[in-house]
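One structure below.
So you know, we letter chains A, B, ... as the sequences are listed, proteins then strands, and number each from 1. Everything numeric here is computed off the predicted structure, so don't read it as measured data.
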Amino acid sequence: MYRTHHCNQLRAADVGQTVELSGWVASRRDHGGVIFIDLRDREGITQIVFRPESYPDVAKEAHSLHDEDVIRIEGKVVPRLEGTANPKLPTGEIEVVVSGLTILNQCAPLPFQLDANLSNEDLRLTYRYLDLRRPAMVRQLKARHILNRTTRNYLDREGFLEIETPILSKSTPEGAREFLVPSRVMPGLFYALAQSPQQYKQLLMVAGAERYFQIAKCFRDEDPRADRITELTQIDIEASFTTQEDIFRLVEGLLKEIFAATREVTIPTPFPRLTYQEAMDRFGSDKPDLRFGTELVNLSETFRNSQFKVFRAALDQKGVVKAINAKGFANITTGQIEEVTNLAKQAGAKGLAFIKVENGEWKSPIVKFFSESERKSLTEKMGIEEGDLILFGADSWETVCIVLGRLRLKVAEFTKLITDPDELKFLWVTDFPLMSFDPAENKWNAMHHPFTRPKTEDIPSLEQGEFGKVRAVAYDVVLNGVEIGGGSLRIHESDLQQKVFSALGISEAQQKRLFQHLMSAFSFGAPPHGGIALGIDRLLMIITGTANIRDVIAFPKNSRGQDLMMDAPAEVTERQLRDLSLAVRRA
RNA sequence: GGAGUUAUAGCUCAAUUGGUUAGAGCGCCGCCCUGUCACGGCGGAGGUUGCGGGUUCGAGCCCCGUUAACUCCGCCA
């Protein structure tokens with residue numbers, strides 16, 4: 001037997017028991033005579049004591065122990081001596097006097113220390129199995145386990161079946177770049193790794209599964225970010241005979257249980273809702289962070305007849321003038337002004353107009369163009385007070401919203417508008433546009449995916465070719481400015497699906513080649529259906545309060561998609577390539 | 001594809017305006033230590049300052065190039 005208890009189990013009530021423990025040496029405090037060791041396993045730490053006067057042979061062997069050696073001990077639980085209890089440990093009232101020691105395995109000198117400052121991430125990822133021994137990382141693994149368990153229990157109770165779908169699938173033109181996998185049996189042909197189970201889950205609805213979910217791995221061959229990784233996990237949900245309201249209620253209930261189980265907080269439901277239009281107009285983002293205000297204010301009427309050419313020109317071209325008030329940020333430094341100006345330009349602005357309100361004076365190169373009534377209207381609409389900084393955008397509605405939305409986030413960061421690190425602000429963003437125009441490709445792309453249902457009242461616009469006016473029954477769930485999930489009601493009629501494909505520039509020949517299975521499935525009595533997918537990794541980032549998606553994944557890839565521990569991707573042999581009928585072209 | 005930040009001992013970091021032998025803490029090795037909990041004390045080993053070039057009497061520090069990591073933009077239905 002290796003253990004009778006784990007290392008976070010023994011308490012004062014267990015005093016007198018003879019126990020066995022196994023684990024790693026987390027810390028050795030060798031006084032020459034008595035030796036203390038913090039013995040660590042997955043659950044926690046128990047102090048064990050070697051007393052030479054009681055067990056001289058065992059104590060002698062303990063002198064040679066090192067950090068991270070793996071040992072098994074037996075001994076007696078005793079209360080700690082008067083005044084030596086450790087209130088920092090749940091097991092701190094007791095210790096185990098060791099009468100028997102087995103060294104199960106020794107540890108070589110470590111490449112980095114587990115108890116010290118975090119080492120550089122390369123090293124942590126290379127030796128991830130050591131990094132994961134840190135209690136903080138164990139907490140991450142447990143949080144994911146609890147989230148998954150809660151999800152399964154909840155969706156089971158709601159009548160959902162967990163059904164697995166293929167990872168090896170077929171390449172489709174829309175969406176993220178895919179990882180390709182060559183077929184050995186059929187030379188020259190390729191699978192694609194599923195970027196989501198989207199089509200399978202819709203086909204399951206046609207199959208009459210009615211309520212499906214899956215904790216699904218998805219693969220996207222795009223450049224990673226701090227909150228994006230090539231290999232991600234989603235709670236994938238689809239239901240038949242469902243409405244947007246049904247899905248909102250389901251997901252709100254799920255998130256309520258997840259946050260109760262992982263963070264022990266009660267989140268208020270239902271979540272507030274904004275349409276895409278409102279979200280962009282007021283917050284300059286389709287995933288607004290509602291933990292602070294600083295809303296975008298429309299000033300188009302104020303400057304309708306302005307002498308300031310930049311504003312006037314934007315308005316004359318049917319654009320808008322909007323602004324945000326960075327309260328109390330008039331003391332912005334020159335360097336910060338430069339930074340926000342660059343940010344504005346990056347987001348599509350031609351420049352950045354601003355007003356600093358200092359000592360009762362408006363300090364700005366543009367104020368001289370403003371009339372008395374314009375100043376008055378501006379003061380009123382923006383609620384201008386001493387110490388404020390007003391940042392303007394004048395351009396097309398979309399550009400202005402995007403620019404000011406980015407500035408809003410930057411201002412919040414500079415002026416520390418988020419004060420409570422535990423605050424959770426959920427919302428639904430609804431009525432997304434069905435399609436967006438890509439000037440680079442000169443074509444319309446699906447905003448969500450090509451199977452998204454247009455709003456019934458907007459179908460005439462679709463038929464008339466006014467694609468920009470068509471809204472979708474598509475929705476995102478947003479938490480603290482992070483898109484944690486998105487979904488839609490789907491098209492279940494082959495003729496409507498065909499119209500959308502055509503609008504997206506997918507020819508009939510392509511439709512047949514790529515989506516024949518869907519088109520024919522829809523012709524055999526497909527029920528109305530819809531669903532959503534929630535990003536587990538991003539959700540866990542917020543639950544555990546980390547800024548890096550790799551912290552919530554046991555074995556993550558780095559920002560170039562490498563697994564530093566396994567050293568993947570790696571070269572393969574000529575023989576393997578030959579079997580796959582592949583040749584590598586080297587530069 | 002573009003931009004920014006970073007790179008010094010096994011790890012985390014220092015090193016004044018360019019100045020002589022590049023330091024500290026932790027870890028490692030040796031010795032000492034019977035109530036610690038980041039135990040403590042004494043001693044020791046350990047460096048091509050990412051790599052290549054340049055400027056200079058002299059470069060960890062300045063310049064150019066390059067590589068890598070991270071972050072951001074593009075991209076991510």
Side-chain angles (χ1 to χ4, degrees), chain A residues 26-39 45-54 56 59 63 66-68 78 80-89 91-92 95 97 107-127 130 172-178 195-196 198-199 218-230 232 339 342-343 345-348 406 409-410 432-436 438 440-441 444-452 472 474 476 483 486-488 500 504 506 533 535 547-550 558-560 562 564:
Chain A
S27 164
R28 184 179 63 122
R29 295 177 291 278
D30 186 341
H31 292 260
V34 69
I35 302 165
F36 300 98
I37 281 175
D38 287 343
L39 188 66
I45 283 175
T46 299
Q47 173 165 285
I48 59 176
V49 197
F50 295 84
R51 287 186 178 144
E53 71 273 22
S54 311
H63 283 298
H66 290 88
D67 279 1
E68 299 305 311
V78 301
R80 296 224 189 164
L81 297 187
E82 184 84 27
T84 64
N86 185 347
K88 284 189 268 181
L89 290 180
T91 59
E95 60 196 7
V97 178
C107 181
L110 294 162
F112 55 89
Q113 285 158 256
L114 304 187
D115 60 343
N117 295 334
L118 283 187
S119 303
N120 80 63
E121 204 181 11
D122 261 26
L123 207 60
R124 292 176 57 202
L125 291 178
T126 304
Y127 299 94
L130 293 179
T172 53
E174 295 277 332
R177 187 182 299 116
E178 294 152 324
Q195 51 174 305
S196 86
Q198 183 60 39
Q199 294 183 54
C218 307
F219 306 87
R220 295 173 188 178
D221 189 7
E222 299 289 349
D223 289 359
R225 287 283 189 282
D227 65 347
R228 253 165 45 190
I229 194 157
T230 51
L232 59 132
E339 199 175 332
N342 286 337
L343 188 68
K345 285 180 178 167
Q346 234 172 38
R406 293 259 178 101
L409 293 179
K410 196 70 193 174
F432 275 81
L434 186 69
M435 298 183 257
S436 64
D438 178 2
E441 287 183 84
W444 289 88
N445 287 325
M447 195 115 163
H448 184 50
H449 56 56
F451 319 111
T452 306
D476 280 355
E483 179 202 327
S488 62
V500 172
L504 294 170
I506 301 171
N548 189 323
I549 199 166
R550 292 180 293 276
N558 72 2
S559 76
R560 296 183 78 194
Q562 296 169 296
L564 293 176

Quick one: does any side-chain atom of A:R228 pair with a main-chain N or O of A:D223 as donor and acceptor, under 3.5 Å?
yes
Base, sugar-phosphate or nothing for A:T452? Non-hydrogen atoms, less than 4.0 Å.
nothing
Interatomic distance, A:I48 atom CD1 to A:I37 atom CD1 [nearest 0.5 angstrom]:
5.0 Å
What's touching nucleotides 4-8 of chain B from the protein side, N or O pairs under 3.5 Å?
none

P gap between B:rA59 and B:rC63, integer Å
16 Å
Using a 4.0 Å heavy-atom cut-off, does A:R124 contact any base of the nucleic acid, only the sugar-phosphate backbone, or nothing at all?
nothing
Strictly under 4.0 angstrom, non-hydrogen atoms only: write out the protein contact profile of nucleotides 34-42 of chain B, one letter per nucleotide from the 5' end, B, S or -.
BBBBSB---
Please tell me if A:R560 has a side-chain N or O lying less than 4.0 Å from either OP1 or OP2 of B:rA69.
yes
Name the nucleic acid region contacted by A:H66, choosing base, sugar-phosphate or nothing; use a 4.0 angstrom heavy-atom cut-off, strictly under.
sugar-phosphate
Can you tell me if the side-chain N/O atoms of A:N342 get under 4.0 Å from OP1 or OP2 in B:rC73?
no
Quick one: is B:rC76 close enough that its OP1 or OP2 comes under 4.0 Å of any side-chain N or O from A:H449?
no
When both distances are under 3.5 Å in a Watson-Crick or G-U wobble arrangement, the nucleotide paired with B:rG23 is B:rC13
Sub-3.5 Å pairs of nitrogen or oxygen atoms, protein against nucleotides 11-14 of chain B:
| from | atom 1 | to | atom 2 | distance (Å) |
| --- | --- | --- | --- | --- |
| B:rC11 | O3' | A:S119 | OG | 3.4 |
| B:rC11 | O2' | A:S119 | OG | 3.1 |
| B:rU12 | OP1 | A:N120 | N | 2.6 |
| B:rU12 | O2' | A:N117 | ND2 | 3.0 |

When the nearest nucleotide of RNA chain B is assigned to A:D227 and to A:R177 on a heavy-atom basis, which residue is associated with the more 5' position?
A:D227
May I ask you to decide if A:T172's main-chain N or O and A:E178's side chain share a donor-acceptor pair within less than 3.5 Å?
yes
Looking across every strand, which nucleic acid part, if any, lies under 4.0 Å from A:D221 by heavy atom: base, sugar-phosphate, or nothing?
nothing
